[in-house]
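Please read these numbers as outputs of a predicted model, since none were measured by experiment. Values reported hereafter were calculated over all heavy atoms of this structure, with side chains retained and with hydrogens, waters and symmetry mates removed.
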Amino acid sequence: MAVRELFRRKPVEQIEAVEGGGLQRTLGLWQLTAIGVGGIIGAGIFSLAGAVANETAGPAVLISFLVAGIASAAAAFSYAEFAGLIPRAGSAYTYGYAVLGELVGWLIGWDLLLEYTAIVAVVAIGISGYFNDLLGFLDIHLPLWMSGAPGTEPEGVASGSYKVNLFAALLCLLIAFVLNQGMRSAARFETLLVYLKVALVVLVIVVGAFHVNTGNWSDFFPFGVSGAFTGAATVFFAVFGYDAMSTAAEESRDSQKHMPKAILYSLGISMVLYVLACLVLTGMVPFTDIDSEAAFSSAFESVGLRWLGGVIAVGAILGILTVLFTFLLGATRVGFAMSRDGLLPKWFSGTHPVKKVPSRMTWILGVAAAVIAGLLPIGEAAELTNIGILLAFVVVCVAVVVLRYRRPDLPRTFRCPGMPVVPAIGVAFSIWLITFLQPETWLRFAVWFAIGLVVYFAYSRRHSKLADHHQK
């Protein structure tokens, strides 16, 4: 086996010319933007902002989000250039495959399959917690066997009493069902929820602005400037999501024109809402009194607006559903692209004859997310995420520089500004954040990569369509 086989690349022109493979182009600019916003705004604004303000940054949580947003934008510009240049499903997998070679593309794709699926499971577990609290408020109590994963028993309850987090598992299957109804119908569902979520955030900002006490900002850096930067490492995971949205390039009506705009619009809209919400939260309540788990609900309750706190709790559940949608969409499109390229069995890339969606891959990953959500505590499930997204950012930022210098002649509908400085910022920040991850995360990552290498050398390398091309 020649080493060059591991880094064989498909010409960008050939990638662009490939037929859609059965996917239907139905998404417009604002539907794509809604999917991006749906993936970015979720638990970050409803709970993470409060936790970081209370424990790490104080009112400077605003700076934490700005720093994270700038770092994320560096990667977003790179994604936007590729999205306009290579309008195919797969996002980072496809970009890495086209520029850095098959093995790099495979590893990133293999990694994103786990990362995106695990994110779906983690978010579903989080929503189930809100759901259980809401039922408790209504004096409804679920049987213990369906209320949580094994190992999550409350104090005083015998170990093993909880068997499965049924609500979280069913939620994953529900999103898989919605995605299988066809992209047009699924996108309408997602867009409606995103509009409701954005309206809720705007309501929080407008009403909360009347209860801001600027004195709460007097000690803006209670944990020092370093606290704000440490907070940026935490909230960074609340400012991506456009990467998963970009996997739907082949389902955009005008991908080369709309996808770059949708990536930048979704990040821009989300950052404005994050910044304003952080100002309101830290202005309403001294940072030491912010509830880390239900920041906005408790803040409004403290100023006598308990009813709005209840609205926020319900809205948070509906709003976070959009995160499930975006990342399960991303996982299925990455798997679809890998199967179509021959790196996974062709059966996985089969599309529904009428609805034109990769139904097999959607159900497989939906069930996988349901199993993780149903049987793992949220902490263990969360440890399966993060590192792969950051590595994908590194690959995309490096690849956009390599391709710009290797093929400056290619027509680009969007060009990443500040080349190569902006992509370098994306690489540096992503690597810096990787250093914050726990050793256990690295171990799980290494095991998953080792399995991926076995699959690649045992199956994918020989069945790749590029292998067929070279043999001919």
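- Residues Q24 and K355 form no side-chain contact, since every pair of their non-hydrogen atoms from C-beta on lies 4.5 Å or further apart.
- Classification of R25 and E251 as a salt-bridged pair fails, no side-chain N sitting under 4.0 Å from a carboxylate O.
- The aromatic rings of Y242 and F393 sit parallel, their planes meeting at an angle under 30°, below the 60° perpendicular limit.
- Side-chain contact check for I175 versus V120: every heavy-atom pair is 4.5 Å or farther apart.
- Classification of the F449-F445 ring pair by plane angle, with boundaries at 30° and 60°, yields tilted.
- Put simply, the side chain of W110 never gets that close to the backbone of I451: no donor and acceptor are under 3.5 Å apart.
- Note on ring orientation: taking the six-membered ring where Trp is involved, the planes of F223 and F287 are perpendicular (angle over 60°, cut-offs 30° and 60°).
- The closest donor-acceptor contact from the side chain of S185 to the backbone of G182 lies at 3.5 Å or more, if one exists at all.
- Between S64 and C278, the closest side-chain pair of non-hydrogen atoms is not below 4.5 Å.
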Verdict with supporting geometry, V198 and V37, side-chain contact (heavy atoms from CB on, under 4.5 Å): CA-CA 9 Å; V198 171; V37 171; 4.2 Å; yes
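- The minimum heavy-atom distance between S78 and V400, with the atom names listed, is OG-CG1, 3.5 Å.
- Salt bridge absent: E102 and R9 never bring a charged side-chain N and a carboxylate O closer than 4.0 Å.
- Side-chain contact, D111 with Y93: no donor N or O sits under 3.5 Å from an acceptor N or O.
- Listed for the S270 side chain is no donor-acceptor partner under 3.5 Å among the backbone atoms of L267.
- At distances below 3.5 Å, not a single donor-acceptor pair connects side-chain atoms of K257 with backbone N or O atoms of T413.
- Within the 3.5 Å criterion, the main-chain N or O of P87 finds no donor-acceptor partner in the side chain of S255.
- Not one N or O on the side chain of S339 forms a donor-acceptor pair closer than 3.5 Å with the backbone of F336.
- A distance of 6.0 Å separates SG in C172 from CG in L324, rounded to the nearest 0.5 Å.
- Atom OG of S460 is separated from atom CG of L453 by 10.5 Å, given to the nearest 0.5 angstrom.
- Side-chain contact between I434 and L391: present, with at least one pair of heavy atoms (C-beta onward) separated by less than 4.5 Å.
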side-chain contact (heavy atoms from CB on, under 4.5 Å) evaluation trace for E190 with T326: CA-CA 8 Å; E190 167 83 346; T326 299; 3.2 Å; yes
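- Considering every non-hydrogen atom in both A74 and V422, the closest pair reads CB-O, 3.3 Å.
- Between M245 and R333, every side-chain heavy-atom pair lies at or beyond the 4.5 Å cut-off.
- Put simply, CZ on F65 and CE on M271 are 7.5 Å apart, with the number rounded to the nearest 0.5 Å.
- Defined by atom type and a distance below 3.5 Å, a donor-acceptor pair is missing between the side-chain atoms of T247 and S91.
- With R88 contributing its side chain and A83 its backbone, the two residues share no donor-acceptor pair below 3.5 Å.
- Atom CG in L32 sits 9.5 Å away from atom OG in S266 (nearest 0.5 Å).
- No donor-acceptor pair under 3.5 Å is formed between the side chain of R340 and the backbone N or O of G335.
- A distance-only check finds a donor-acceptor pair linking the side chain of T117 to the backbone of L113 [under 3.5 Å].
- Taking the six-membered ring for Trp and the full ring otherwise, the centers of Y79 and F414 sit at least 6.0 Å from each other.
- Checking T322 against K197 by side-chain atom types alone, a donor-acceptor pair falls below 3.5 Å.
- To the nearest 0.5 angstrom, D243 atom CG is 5.5 Å from F327 atom CZ.
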Verify ring pair (Phe, Tyr, Trp, His ring centres under 6.0 Å) between W30 and Y265, making sure each step is shown before the conclusion. CA-CA 9 Å; W30 293 110; Y265 287 174; 5.6 Å; yes
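- Of all non-hydrogen atoms in A186 and L179, the two that sit nearest each other are CB-CA, 4.1 Å.
- Going from atom CD of Q31 over to atom CD1 of I35 covers 7.0 Å, rounded to the nearest 0.5 Å.
- Taking the six-membered ring wherever Trp is involved, the centroid distance between the rings of W217 and F220 does not fall below 6.0 Å.
- Here the side chain of T332 pairs no donor or acceptor atom with the backbone of M361 at under 3.5 angstrom.
- In plain terms, the two heavy atoms of G90 and A337 that are nearest each other are CA-CB, 4.0 Å.
- Looking only at side-chain heavy atoms (C-beta outward), L100 and F7 stay at 4.5 Å or farther from each other.
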Are V285 and N216 close enough, and set up right, to give a side-chain contact (heavy atoms from CB on, under 4.5 Å), and what steps lead you there? CA-CA 7 Å; V285 184; N216 291 329; 5.7 Å; no
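- The shortest side-chain heavy-atom distance between Y456 and S464 does not fall under the 4.5 Å cut-off.
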Show your working on side-chain contact (heavy atoms from CB on, under 4.5 Å) between Y95 and V99 and close with a plain yes or no. CA-CA 6 Å; Y95 310 151; V99 180; 5.6 Å; no
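- Closest approach of A392 to L112, counting heavy atoms only: CB-CD2, 4.1 Å.
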Could you check R412 against E81 for salt bridge (Lys or Arg N to Asp or Glu O under 4.0 Å), going step by step and ending with a plain yes or no? CA-CA 7 Å; R412 292 167 167 85; E81 178 165 325; 2.8 Å; yes
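- L321 is not listed as a side-chain neighbour of F325, based on a closest heavy-atom distance of 4.5 Å or more.
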